[in-house]
Amino acid sequence: MTTPDAPAAPVIRPALPADVRTIRDLVEPLSQERILRPYEMVGYYEAVQEFLVATDPAGAAGDPAIGCGALHVMWDDLAEVRTLAVHRDWRGRKVGHALLAALVERARALGLRRVFCLTFEVGFFAAHGFREIDGTPVTPEVYTELLRSYDEGVAEFLDLARVKPNTLGNSRMLLEL
């Protein structure tokens, strides 16, 4: 009896400026459902170095990305996984898992000790070792410093009142590395 071959893992690589429009297109349907926070185009370009993209392992060079995710460093020991999205046709094929594993590995390579996320996908992140938390996992001194950030994602992390409509129903999760 033969077993079917497991699907090939997606190719994960750093995003390039040429990927930005595809990243926006991956995020757009999820932002319309209020699952992910959208960026303006300039925001995607400014954050392109934070993104990894997944591509079809059987695809040709230059094919559009099938998934994306970003790691945003927030402090000397803490980063946030952001904007993890997979094209609808590729969901259920471990693309998100591969992206998250690569983002966590990137956090380790940067010497970080904790990775945070704000998510509706509790089971997915829990399967990767994240646990639900209450509050903001930083000292009052770091909290005060982070208040100076103009980044909307940092405002969501801090649970500021002005971003409450964006975070309603989300769970705060943390992974200790």
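Numbers here simply count residues along the sequence, with the first being 1.
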Under 3.5 Å donor-acceptor, Thr119 side chain and Glu121 backbone: yes
Where Ile23 and Cys68 come nearest, the two heavy atoms and their spacing: CG2-SG, 3.9 Å
Student check: side-chain heavy atoms of Phe51 and Asp19 closer than 4.5 Å: no
Derivation and outcome, side-chain contact (heavy atoms from CB on, under 4.5 Å), residues Val27 and Tyr39: CA-CA 9 Å; Val27 173; Tyr39 294 86; 5.7 Å; no
ILVMFWY cluster, Tyr44 and Val73 together (side-chain gap under 4.5 Å): no
Hydrophobic cluster membership, Val53 vs Ile66, 4.5 Å side-chain cutoff: no
Minimal non-hydrogen separation, Ala85 against Leu36, with atom names: CB-CD1, 3.9 Å
Evaluation steps, side-chain contact (heavy atoms from CB on, under 4.5 Å), between Val142 and Thr136: CA-CA 10 Å; Val142 172; Thr136 304; over 6 Å; no
Arg37/Glu156 salt bridge by N-O under 4.0 Å criterion: yes
Common cluster, Met41/Leu30, ILVMFWY with side-chain heavy-atom separation under 4.5 Å: yes
Side chain proximity check, Leu84 to Phe124, heavy atoms < 4.5 angstrom: yes
Check: Pro137 main-chain N/O paired with Arg114 side-chain donor or acceptor under 3.5 Å: yes
ILVMFWY network linking Ile35 to Val122, side-chain heavy atoms under 4.5 angstrom: no
Spacing of Leu103 atom CG and Cys117 atom SG [to the nearest 0.5 Å]: 11.0 Å
Pairwise distance CG(Leu177) to CG(Leu110) - rounded to 0.5 angstrom: 10.5 Å
Partner of Phe157 by ring pair (Phe, Tyr, Trp, His ring centres under 6.0 Å), out of Trp75, Phe116, Tyr143: Phe116
Heavy-atom pair with the smallest gap, counting every atom of Ala107 and Val115: CB-CG2, 3.7 Å
CE-CD distance between Met173 and Glu80, expressed to the nearest 0.5 angstrom: 13.5 Å
Contact list for residues 123-140, test salt bridge (Lys or Arg N to Asp or Glu O under 4.0 Å), sequence neighbours left out: Arg131-Glu176
Side-chain donor or acceptor of Arg106 paired with backbone N/O of Ala70 under 3.5 Å: no
Heavy-atom pair of closest approach, residues Leu71 and Ala79: CD1-CB, 3.6 Å
Side-chain touch Arg172/Leu118, heavy atoms, less than 4.5 angstrom: yes
Ile133 reachable from Leu175 in the ILVMFWY side-chain graph, under 4.5 Å edges: no
Inter-residue atom distance Met74.CE - Glu145.CD, 0.5 Å rounding: 13.0 Å
Pairwise distance CG(Leu99) to CG(Leu52) - rounded to 0.5 angstrom: 6.5 Å
Candidates Arg93, Arg88, Lys94 - the one meeting side chain to side chain contact (heavy atoms under 4.5 Å, CB included) with Trp90: Arg93
Spatial distance of atom CZ (Arg113) from atom CG (Leu174) [nearest 0.5 Å]: 10.5 Å
Distance-minimising heavy-atom pair for Pro10 and Ala54: CB-CB, 4.1 Å
From CA spacing to verdict: side-chain contact (heavy atoms from CB on, under 4.5 Å), His72, Val154: CA-CA 9 Å; His72 180 76; Val154 172; 4.1 Å; yes
